[in-house]
Number of protein chains: 2
Amino acid sequence: MENKRELFQVLTRRFGLLNKNCCSVGTVDISPVQSHILYEIDKQIAPSMQQIAEAIAMDITTFSRQIQTLVKMELVKKTPSSADKRVYLLSLTLQGKFVATTIDESMNAYLEEVFSHMNEFEKETVIRSIKLLNQAMSKSSVCCTPLL
Amino acid sequence: MENKRELFQVLTRRFGLLNKNCCSVGTVDISPVQSHILYEIDKQIAPSMQQIAEAIAMDITTFSRQIQTLVKMELVKKTPSSADKRVYLLSLTLQGKFVATTIDESMNAYLEEVFSHMNEFEKETVIRSIKLLNQAMSKSSVCCTPLL
DNA sequence: AGATATTACTTGCAAATTGCAATTAATTTG
DNA sequence: CAAATTAATTGCAATTTGCAAGTAATATCT
């Protein structure tokens, strides 16, 4: 058996670095956490605060403040729900959408660059493995429970 | 082509969560960052502050303060180098070693649990893929440059 | 229907983390 | 031996974090 922890330790750090790189679009500069928030709002349809906070496993009070920041930066819009007046529905502004898309593209470019160091077969294998890993983690009881 | 970013976004989040889980040993409670520091000190031989800070790609000033905290917690020992009096050599105390080892074991247990949802062939493939990915990232110019 | 409980979100701290700029002390370079 | 470089530390000041407590709206229960 390998030392799995060693492998994951290194991988985790590199992911952390990759994440940090990717959050500057023109004059707009956001944190990795904020980038995750934009990503998730973009992905869901008219989500509430709770939904996004849960999806990224973030404390709701911290999340509330992050959203306030993003609203001030005019990247996110909070619309009161008509069905339930306690709820705010989140969406990206035009600028927010632009930022999210640009980050997505640059992340994909980064990843393409990383994958360019492999041959086709290796690429396929790695992609398939990451899917497997994601599935296994979602089945796992020890972590990741709040994540889809 | 797949959407790689989607896959990595989810994986990154799950790793983040895994990381957070794993830092409480008895009455000692440390942050994920501190756990990385302990890990890296344990791995190297009589490293200097610079060396560790660079290995985990952390700002040296932040690192300096983290070390101060860990020294107060009696997990890390700072020994002035006799060869160069500017330098401090880092090592784990007995307690620090214990904490590092315990975290290592519990991380490995977590990972075993995750891998238990795969068959033997899948396990092999995934492990091999992560190695490939690590290699590719270390060759990459866009990230990870400071990391071994 | 009306009191009670629950839910969604917000604020008040207080602690921890971060990084840039500037400092100290030791070593190297010219 | 003076000047430049290096290792590590400190002074801010901004950001992030989470618990506890609060407000307002909705759901539940007799």
Side-chain angles (χ1 to χ4, degrees), chain A residues 12-13 16-17 19-24 27-38 40-41 44 46-73 75-91 146, chain B residues 13 16-17 19-24 28-38 40-41 44 46-73 75-91 146:
Chain A
T12 303
R13 255 186 237 149
L17 278 195
N19 232 9
K20 273 189 192 164
N21 280 356
C22 311
C23 303
S24 198
T27 67
V28 179
D29 209 39
I30 63 177
S31 71
V33 165
Q34 289 165 346
S35 136
H36 272 258
I37 294 174
L38 293 189
E40 200 62 32
I41 293 177
Q44 297 199 25
S48 70
M49 312 243 320
Q50 296 279 354
Q51 271 169 46
I52 302 293
E54 198 178 343
I56 62 184
M58 191 176 193
D59 183 273
I60 184 70
T61 71
T62 304
F63 181 77
S64 170
R65 276 182 265 249
Q66 286 288 6
I67 289 294
Q68 287 171 33
T69 305
L70 291 170
V71 167
K72 266 188 206 132
M73 294 169 88
L75 300 176
V76 167
K77 207 172 66 167
K78 269 169 74 177
T79 314
S81 161
S82 53
D84 184 336
K85 285 176 189 167
R86 293 168 302 179
V87 173
Y88 286 97
L89 302 179
L90 300 175
S91 57
Chain B
R13 254 185 237 151
L17 277 195
N19 232 11
K20 272 190 193 163
N21 280 356
C22 310
C23 303
S24 198
V28 179
D29 209 39
I30 64 177
S31 72
V33 165
Q34 290 166 344
S35 137
H36 272 256
I37 293 175
L38 293 189
E40 200 62 31
I41 293 177
Q44 297 198 25
S48 70
M49 311 243 318
Q50 296 279 353
Q51 273 169 45
I52 301 292
E54 199 178 342
I56 62 183
M58 192 176 190
D59 183 273
I60 185 68
T61 70
T62 304
F63 182 77
S64 171
R65 277 181 264 249
Q66 286 287 4
I67 289 294
Q68 287 171 33
T69 306
L70 290 169
V71 167
K72 267 190 205 129
M73 294 169 88
L75 300 176
V76 168
K77 206 171 67 169
K78 269 170 72 176
T79 315
S81 161
S82 52
D84 184 336
K85 285 176 189 165
R86 293 169 301 180
V87 173
Y88 286 98
L89 302 179
L90 300 174
S91 58

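Throughout, protein chains are lettered first and strands after them, A, B, ... in sequence-line order, and every chain is numbered starting at 1.
In this structure, Phe63(B) reaches neither bases nor backbone, as no heavy-atom distance under 4.0 Å exists between it and the strands shown.
With hydrogens and angles left out, the side chain of Thr61(A) and the base of dC9(C) share no donor-acceptor pair within 3.5 Å. Interface remark: the Arg86(B) side chain does form a donor-acceptor pair with the dT6(D) base, using a distance-only criterion of under 3.5 Å. Not a single donor-acceptor contact under 3.5 angstrom links the side-chain atoms of Ser48(A) to the base of dC9(C).
Residue Thr62(B) places its side chain closer to dT18(C) than to any other of dT9(D), dT17(D), dT18(C). Looking at the side chain of Gln34(A), the nearest of the listed nucleotides dT16(D), dT17(C), dT9(D) is dT16(D). The nucleotide whose nearest atom lies closest to any side-chain atom of Asp84(A) is, among dT26(D), dT18(C), dT9(D), dT26(D).
Of the side-chain N and O atoms in Ser64(B), one or more sit less than 4.0 angstrom from OP1 or OP2 of dT9(D). Not one side-chain nitrogen or oxygen of Gln68(A) sits closer than 4.0 Å to the OP1 or OP2 atom of dC9(C). Contact annotation: Gln51(A) side-chain N/O to dA8(C) OP1/OP2 distance is not under 4.0 Å.
Gln34(B) places a side-chain N or O within 3.5 Å of a backbone atom of Ser31(B) that can act as its donor or acceptor partner. Between the side chain of Glu54(A) and the backbone N or O of Gln51(A), no donor-acceptor pair lies under 3.5 Å.
Rounded to whole Å, the distance from CG on Asp59(B) to C1' on dA7(D) is 14 Å. When rounded to the nearest whole Å, the span between CD1 of Ile52(A) and C1' of dC9(C) equals 15 Å. Lys72(A) has its NZ atom 14 Å from the P atom of dA14(D), to the nearest Å. Rounded to an integer number of Å, the gap from OH of Tyr88(B) to P of dT24(C) is 16 Å. Nucleotide dT17(D) holds its P atom 13 Å from the CG atom of Leu17(B), rounded to whole Å. At whole-Å resolution of the value, CD in Gln66(B) and P in dT10(D) are 15 Å apart. What separates CZ of Arg65(A) from P of dG22(D) is a distance of 16 Å, to the nearest Å. The separation between Lys20(B) atom NZ and dG18(D) atom C1' is 11 Å, rounded to whole Å.
With DNA chain D read from its 5' end, the first of the two nearest nucleotides for Ser31(A) and Val87(B) is the one closest to Val87(B). Across the interface with DNA chain D, nearest-nucleotide mapping of Val33(A) and Lys85(A) shows Val33(A) to be the residue nearer the 5′ end.
By the 4.5 Å heavy-atom criterion applied to side chains, Ser64(A) and Met49(A) are counted as neighbours. Proximity of Met58(B) to Gln66(B): side-chain heavy atoms (C-beta onward) are separated by under 4.5 Å at one or more points. Side-chain contact between Thr79(B) and Tyr88(B): absent, with no pair of heavy atoms (C-beta onward) separated by less than 4.5 Å.
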